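What you see below is based on every heavy atom in this structure, not just the backbone, and it leaves out hydrogens, waters and symmetry mates. In what follows, residues are counted from 1 in the order of the sequence shown. It should be emphasised that the depicted structure is a prediction, and the values quoted were computed from it without experimental measurement.
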Amino acid sequence: MSFNVEKVDNDTGKDLTYISDYEIKSGVRIGYKGLQTQLINNWIGPQMKSSSEEMDSFDVWDLTARSKFMENWEVKASVLNLFDEDYSYVYGYPMPERNYKLGITYKF
């Protein structure tokens with residue numbers, strides 16, 4: 001978990017735009033034998049989009065499952081932005097809606 005506090009311009013003393021004063025990142029990982037699941041949450045606090053306008057806070061959840069098989073192989077599936085949050089770190093540049101990843105790895 002990490003906390004960031006007071007992001008201000010050293011010259012003007014004003015809040016930096018598109019930089020949140022607070023971020024909380026947390027997660028949980030559960031595994032049994034060759035199967036492992038992981039749930040990650042990123043909460044981003046409010047941030048200034050101009051000197052007088054503020055963007056709301058948002059949080060994004062990601063879920064990943066991975067399984068090892070045949071000694072050297074691993075398959076991994078993820079759902080990113082699990083709850084389909086409409087968010088952007090910078091106003092006018094939206095982040096992807098819910099999306100999926102699937103991968104397979106061979107370790108030698």
Side-chain angles (χ1 to χ4, degrees):
M1 194 178 303
S2 63
F3 296 92
N4 298 326
V5 181
E6 289 301 316
K7 304 292 184 182
V8 296
D9 184 314
N10 289 336
D11 295 330
T12 65
K14 295 182 179 180
D15 276 351
L16 293 175
T17 54
Y18 307 115
I19 304 292
S20 175
D21 288 342
Y22 307 99
E23 295 180 19
I24 298 175
K25 299 176 182 185
S26 60
V28 62
R29 184 182 301 173
I30 300 170
Y32 180 72
K33 296 188 180 184
L35 178 64
Q36 190 174 77
T37 58
Q38 177 175 302
L39 182 64
I40 301 291
N41 175 255
N42 291 321
W43 180 83
I44 309 299
Q47 47 190 284
M48 299 305 290
K49 65 181 181 182
S50 71
S51 59
S52 61
E53 290 184 272
E54 186 174 82
M55 290 172 47
D56 292 334
S57 64
F58 60 88
D59 67 328
V60 180
W61 295 81
D62 297 330
L63 178 64
T64 300
R66 58 177 44 121
S67 179
K68 294 183 179 182
F69 62 98
M70 292 174 42
E71 223 175 297
N72 296 331
W73 290 92
E74 179 181 79
V75 65
K76 176 180 170 182
S78 298
V79 181
L80 306 174
N81 192 4
L82 183 63
F83 300 112
D84 204 19
E85 179 75 19
D86 183 16
Y87 72 103
S88 60
Y89 287 96
V90 177
Y91 183 72
Y93 293 90
M95 297 300 292
E97 56 194 26
R98 181 184 305 121
N99 59 93
Y100 308 90
K101 289 172 101 176
L102 181 62
I104 190 164
T105 303
Y106 178 79
K107 293 184 181 179
F108 53 94

| said: List the residues meeting salt bridge (charged side-chain N to carboxylate O under 4.0 Å, His left out) with Glu74, not counting sequence neighbours, and say none if there are none. | reply: Arg66
| task | Give me the one residue out of Val79, Leu82, Leu80 that meets side-chain contact (heavy atoms from CB on, under 4.5 Å) with Trp61. | result | Leu82
| request: Answer with yes or no whether the hydrophobic clustering places Phe58 together with Phe83; edges join I, L, V, M, F, W, Y residues whose side-chain heavy atoms lie under 4.5 Å apart. | output: no
| task | State, to 0.1 Å, how close Ser20 and Pro46 come at their nearest heavy-atom pair, and which atoms those are. | result | OG-O, 3.5 Å
| query | If Ile, Leu, Val, Met, Phe, Trp and Tyr residues are connected whenever their side-chain heavy atoms lie under 4.5 Å apart, and connections chain through other members, are Phe69 and Tyr32 in the same group? | reply | no
| request: Could you work out the complete set of other residues in the hydrophobic cluster of Met48, with links drawn between I, L, V, M, F, W and Y side chains under 4.5 Å apart? | output: none
| Qualifying side chain to side chain donor-acceptor pair (under 3.5 Å) pairs, either residue in residues 82-101, two or more places apart | none
Show me the donor-acceptor pairs within less than 3.5 Å that the side chains of residues 33-44 make with the rest of the protein, sequence neighbours left out.
from	atom 1	to	atom 2	distance (Å)
Thr37	OG1	Ile30	O	3.4
Gln38	OE1	Arg29	NE	3.1
Gln38	OE1	Arg29	NH2	3.1
Asn41	ND2	Asp59	OD2	3.3

| request: Check side chain to side chain contact (heavy atoms under 4.5 Å, CB included) between Glu53 and all other residues, then give those that pass, not counting sequence neighbours. | output: Lys49, Ser50
| Tyr106: side chain to side chain contact (heavy atoms under 4.5 Å, CB included) partners, not counting sequence neighbours | Asn72, Trp73, Phe108
